[in-house]
Amino acid sequence: MDLKNKQRILITAALPYANGRLHIGHVAGAYLPADQAVRYLRLRGKEVHFICGSDENGAPITFSALKENVAPQDIVDRYHKAIFDAFAGLNVEFSVYGRTHTRRHDAVAQDFFLRLYERGHIVKKTGEQVYCTVCERFLPDRYIEGTCHYPDCKSPGARGDQCEKCGRPIDATKLVDPECMVCKTLGRESHGHIEVRQTDHWYFRLDSFSSALREYLDAHPEWRESVKRFSYGLLDQGLKERGITRDMEWGVPVPLPEGEGKVLYVWFDAPIGYITFSREYFESMEHPDEWKDFWQDPDAGLVHFIGKDNTVFHAVIFPGMLMAHGDYRLPDAVVANEFLNLEGDKISTSRDYAVWVDEYLSEFPADPLRYYLTSIAPESADADFSWKQFQQHNNGELADNLGNFIQRNLTFCHKYFEGKMPEIDHPTPAGEAVLKEIEAARVEIGELLEEFHFKAALERLMRLSQKGNQYFAEEEPWKSRKTDMAACARTMHVGMKIVEALSVFMNPFMPSSSAKLRGFLNLPAAVSGDWYAESKLQGGHALNEPEVLFPKYDDSVIQPHIDRLAGKLNKG
RNA sequence: GCCGGCGUAGCUCAGCGGUCUAGAGCGAUGGAUUCAUAACCCAUAGGUCGGUGGUUCAAUUCCACCCGCCGGUACCA
């Protein structure tokens with residue numbers, strides 16, 4: 001995605017919906033790859049800003065508030081903080097983590113809406129919608145249930161958007177014996193008070209950008225297959241006007257006189273949040289106009305990281321909105337991951353069938369999770385998280401391969417070289433080969449990361465570590481140190497170069513372990529701007545005392561997690 | 001229903017514009033070794049590449065149909 005030639009890059013990660021805790025599916029989908037890209041690009045000396053924040057509007061938040069008998073603001077305050085803390089614990093470090101339920105965001109989103117309105121890209125239409133007379137509000141289709149209106153189905157439990165039984169789309173206004181799920185959740189009588197009422201809404205004329213959007217996709221053959229397939233699929237079916245307003249109080253008010261009691265649809269305002277937060281960020285940096293460099297100047301880079309469920313909004317609708325507005329450039333890339341399952345089943349927040357980040361972090365450090373999630377990253381197909389496999393990857397790869405390689409080198413230097421980097425006159429041919437291998441890894445890991453192939457990049461890193469172990473075994477420094485210290489030093493000097501290189505290459509994937517290792521090496525932790533351009537570890541350099549970098553976890557700490565999830569399934 | 005994905009060694013997966021005797025990691029077996037988190041290193045293990053048919057000199061890789069899972073279907077975000 002030709003980021004190589006871009007010096008200034010803005011990266012966004014999908015805005016988490018502030019209505020629940022953060023789980024591993026979210027992390028693997030968007031935030032971890034985005035964070036790794038940010039860290040890598042910075043190592044390459046790019047100016048990178050990482051934009052994210054809470055998506056705080058939308059109907060589900062108001063329903064959560066009803067359920068808990070608190071204000072919607074209480075809900076978003078709670079989860080905004082919880083999610084931010086979880087990110088911090090995982091070392092996912094944003095330049096800014098904003099929120100959308102603010103006056104400022106209202107203003108930015110309203111301006112955006114008005115611009116489209118004035119340019120004729122938004123039209124008002126009157127339609128029928130289901131209304132609950134007890135809740136005194138219109139309901140999203142998902143929140144009513146009834147009997148399927150297809151004569152050959154007539155199954156109960158059909159939702160307003162789709163019949164669970166026959167799978168066909170439902171016209172919510174035609175459901176038989178509709179039931180308000182909000183009332184039901186709140187323990188109220190849920191039948192008999194659903195009406196169909198007329199209401200006005202504004203629609204974004206996405207259809208008028210069909211050909212422009214197709215050209216946009218055509219210009220990006222390098223995007224991931226799944227994103228292209230999905231987006232072209234939508235275009236082939238024919239785009240429709242999208243309703244972008246809702247009858248609610250909670251959200252960004254529609255900035256029109258007739259818009260009383262209506263707000264912008266959450267998915268219209270959410271991506272505009274990227275713009276709001278960018279502006280807030282650069283204002284806080286006292287460069288209030290600099291956001292324009294990234295949103296309007298094609299020389300800068302703009303990349304969105306998302307989960308595949310957001311593809312329609314980021315690859316089609318938002319670009320359409322930006323086109324309609326006219327002042328914006330289009331994103332260079334939309335990087336979407338597939339879904340992460342858990343122990344073979346779908347992650348389900350409502351059933352508490354998930355690995356929550358805060359829960360994980362109360363017991364384990366961030367890096368083993370970052371490592372495992374990257375090693376199974378759902379880049380081209382859905383992947384499956386299993387605790388057993390987490391344990392195996394941690395113990396067998398992180399600890400036994402990478403950690404042990406580092407450990408054996410460092411302790412060897414401390415035992416037989418007085419804690420110093422061994423001095424060397426000249427490397428052996430085998431040593432030369434290893435140095436070339438380091439350079440090859442540097443280039444290849446870099447290329448893979450530039451193309452957002454995080455899983456392959458991590459595998460490449462691990463192969464370097466394995467190479468190091470092979471070298472160590474072949475050279476047998478434990479023998480030469482008894483007979484030929486100069487030969488031993490030649491071996492260890494080169495081995496330590498691998499350790500040093502790993503300390504840099506590890507950084508995007510496992511930042512805190514990278515920093516720790518840099519500490520053992522007595523090198524500056526911050527390697528910003530330096531993708532191992534040259535070795536800083538010269539002969540005689542004093543090393544610090546190492547500790548075990550990646551401890552192993554035995555069954556006693558893993559099994560309870562497996563049991564907990566199995567319990568959730570049995571009940572569900 | 002329609003659109004899309006998946007089904008490859010015991011397990012988890014690479015392989016997605018037909019060239020090698022179909023690969024990797026883990027697991028298993030044998031060997032070597034002791035610097036290291038009983039770690040590492042070497043060797044081996046022969047899986048009808050979901051099924052059937054077709055195109056082709058040649059298909060896991062292309063096409064058709066079938067079986068089994070899964071996702072989307074635009075007011076869930």
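We name chains A, B, ... by the order of the sequence lines, and we start the count at 1 in each one.
The base-pairing partner of B:C13, taking Watson-Crick or G-U wobble contacts with both distances under 3.5 Å, is B:G23. Nucleotide B:U34 has no partner under the Watson-Crick or G-U criteria, as no pair reaches both atom distances under 3.5 Å. With a cut-off of 3.5 Å on both pairing distances, B:C49 has no Watson-Crick or G-U wobble partner at all. Under the Watson-Crick or G-U wobble criterion, with both distances below 3.5 Å, B:C6 is paired with B:G68. As the counterpart of B:G1, B:U73 is assigned, both hydrogen-bonding distances of the Watson-Crick or G-U wobble pattern falling under 3.5 Å.
Nucleotides B:C35 and B:G47 are separated by 39 Å at their C1' atoms, to the nearest Å. Nucleotides B:C26 and B:G71, compared at atom C1', are 29 Å apart to the nearest Å. Distance check on atom P: B:G30 versus B:A36 gives 26 Å, rounded to whole Å. A distance of about 32 Å separates the C1' atoms of B:A58 and B:C69, rounded to the whole Å. Distance noted for atom P between B:C40 and B:G25: 12 Å (whole Å). Taking atom P on both B:G5 and B:C76, the two are 24 Å apart, rounded to the nearest angstrom.
Here A:Lys479 does not reach the OP1 or OP2 of B:U34: none of its side-chain N or O atoms lies under 4.0 Å away. Here A:Tyr265 reaches the OP1 or OP2 of B:A77: one of its side-chain N or O atoms lies under 4.0 Å away. A:Lys346 has a side-chain polar atom (N or O) that falls below the 4.0 Å cut-off from OP1 or OP2 of B:G71. For the OP1/OP2 pair of B:A24 and a distance below 4.0 Å, the side-chain nitrogens and oxygens of A:Arg463 include no atom meeting the criterion. Close to B:C42, at under 4.0 Å from its OP1 or OP2, lies a side-chain N or O of A:Gln470. In this model, the phosphate group of B:C35 is not approached by any side-chain N or O of A:Arg408 to a distance below 4.0 Å at OP1 or OP2. OP1 or OP2 of B:A39 sits under 4.0 Å from a side-chain N or O of A:Lys552.
A:Arg460 has its CZ atom 16 Å from the P atom of B:A24, to the nearest Å. We find that CG of A:Asn310 is positioned 13 Å from C1' of B:G72, with the value rounded to whole Å. Rounded to an integer number of Å, the gap from OH of A:Tyr17 to P of B:A77 is 6 Å. Rounded to an integer number of Å, the gap from CZ of A:Phe550 to P of B:A39 is 17 Å. The nearest whole Å value for the distance from the CH2 atom in A:Trp387 to the P atom in B:C11 is 24 Å. In this structure, A:Leu235 atom CG and B:G4 atom P are separated by 14 Å, rounded to whole Å. Atom OH in A:Tyr471 sits about 16 Å away from atom P in B:C42, given to the nearest Å. For A:Asp384 and B:C70, the CG to P distance is 13 Å, given to the nearest whole Å.
With centroids closer than 5.5 Å and planes inclined by less than 30 degrees as the test, A:Trp478 and the base of B:C35 pass as a stacked pair.
In this structure, of B:C75, B:C70, B:C26, it is B:C70 that holds the atom nearest to the side chain of A:Asp382. For A:Glu225, taking side-chain heavy atoms from C-beta onward, the closest of the listed nucleotides B:C26, B:C35, B:C16 is B:C16. You'll find that the side chain of A:Leu239 is closest to B:A74, out of B:A77, B:A74, B:A36. Here the side chain of A:Ala381 is nearest to one of B:G4, B:U37, B:A14, namely B:A14. With B:C75, B:C76, B:C26 as the candidates, the nucleotide lying closest to the side chain of A:Asp141 is B:C75. Nearest to the side-chain atoms of A:Tyr203 among the listed nucleotides B:C75, B:C35, B:A77 stands B:C75. Comparing B:C35, B:U12, B:G25 against the side chain of A:Gln389 picks out B:U12 as the nearest. Side-chain proximity of A:Ala473 to the nucleotides B:C41, B:A77, B:C76 is greatest for B:C41.
Salt bridge annotation for A:Arg460-A:Glu437: present, with a cationic side-chain nitrogen under 4.0 angstrom from a carboxylate oxygen.
Each of A:Lys455 and A:Gly396 was assigned the nucleotide of RNA chain B with the nearest heavy atom; the assignment lying further toward the 5' end belongs to A:Lys455. Residue whose closest nucleotide on RNA chain B sits further toward the 5' end, between A:Arg242 and A:Asn57: A:Arg242.
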Applying ring-ring contact (aromatic ring centres under 6.0 Å, His included), run through A:Phe364 and A:Phe390 and close with a yes or a no.
CA-CA 12 Å; A:Phe364 305 96; A:Phe390 165 78; 5.6 Å; yes
Show your reasoning for whether ring-ring contact (aromatic ring centres under 6.0 Å, His included) applies to A:Trp387 and A:Tyr553.
CA-CA 11 Å; A:Trp387 276 104; A:Tyr553 303 117; 9.3 Å; no
Test ring-ring contact (aromatic ring centres under 6.0 Å, His included) on A:Tyr274 and A:His304; report intermediate values, then the result.
CA-CA 10 Å; A:Tyr274 298 138; A:His304 300 306; 5.1 Å; yes
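The residue A:Pro477 sits apart from the nucleic acid: no heavy atom pair falls under 4.0 Å. Among the atoms of the strands shown, base atoms are found under 4.0 Å from some heavy atom of A:Phe472. Residue contacts for A:Asp55: at a heavy-atom cut-off of 4.0 Å it reaches the sugar-phosphate backbone alone, with no base atom in range. Within the 4.0 angstrom heavy-atom criterion, no nucleotide atom of any strand lies near A:Phe138. Among the protein residues, A:Gly403 comes within range of the nucleic acid bases, having at least one heavy atom under 4.0 Å from a base atom. At a threshold of 4.0 angstrom between heavy atoms, the contacts of A:Gly238 include nucleobase atoms, whether or not backbone atoms are also involved. When heavy atoms are screened at a 4.0 angstrom cut-off, A:Glu338 is found touching no nucleic acid atom at all. As judged by a 4.0 angstrom heavy-atom cut-off over every strand, A:Leu549 is placed among the base-contacting residues. Residue A:Val266 is classed as a sugar-phosphate contact, given heavy-atom separations below 4.0 Å to backbone atoms only. A:Gln466 comes within 4.0 angstrom of sugar-phosphate atoms only, judged by non-hydrogen atoms across all strands, and of no base. Residue contacts shown for A:Tyr143 are absent, as no nucleic acid heavy atom lies under 4.0 Å away.
The aromatic rings of A:Phe277 and A:His105 are tilted relative to each other, their planes meeting at an angle between 30° and 60°.
Ring centroid separation for the pair A:Trp356 and A:His26 does not come in under the 6.0 Å cut-off.
In terms of polar N and O atoms assigned as donor or acceptor, the side chain of A:Asn404 never comes within less than 3.5 Å of the base of B:A39 in a complementary pairing.
Side-chain contact between A:Tyr353 and A:Leu342: present, with at least one pair of heavy atoms (C-beta onward) separated by less than 4.5 Å.
One finds the CG atom of A:Asn341 at 12.5 Å from the CZ atom of A:Phe385 (value rounded to the nearest 0.5 Å). To the nearest 0.5 Å, atom CG of residue A:Leu234 and atom CG of residue A:Leu213 are 10.0 Å apart. Going from atom CD of A:Glu423 over to atom CE of A:Met485 covers 11.5 Å, rounded to the nearest 0.5 Å.
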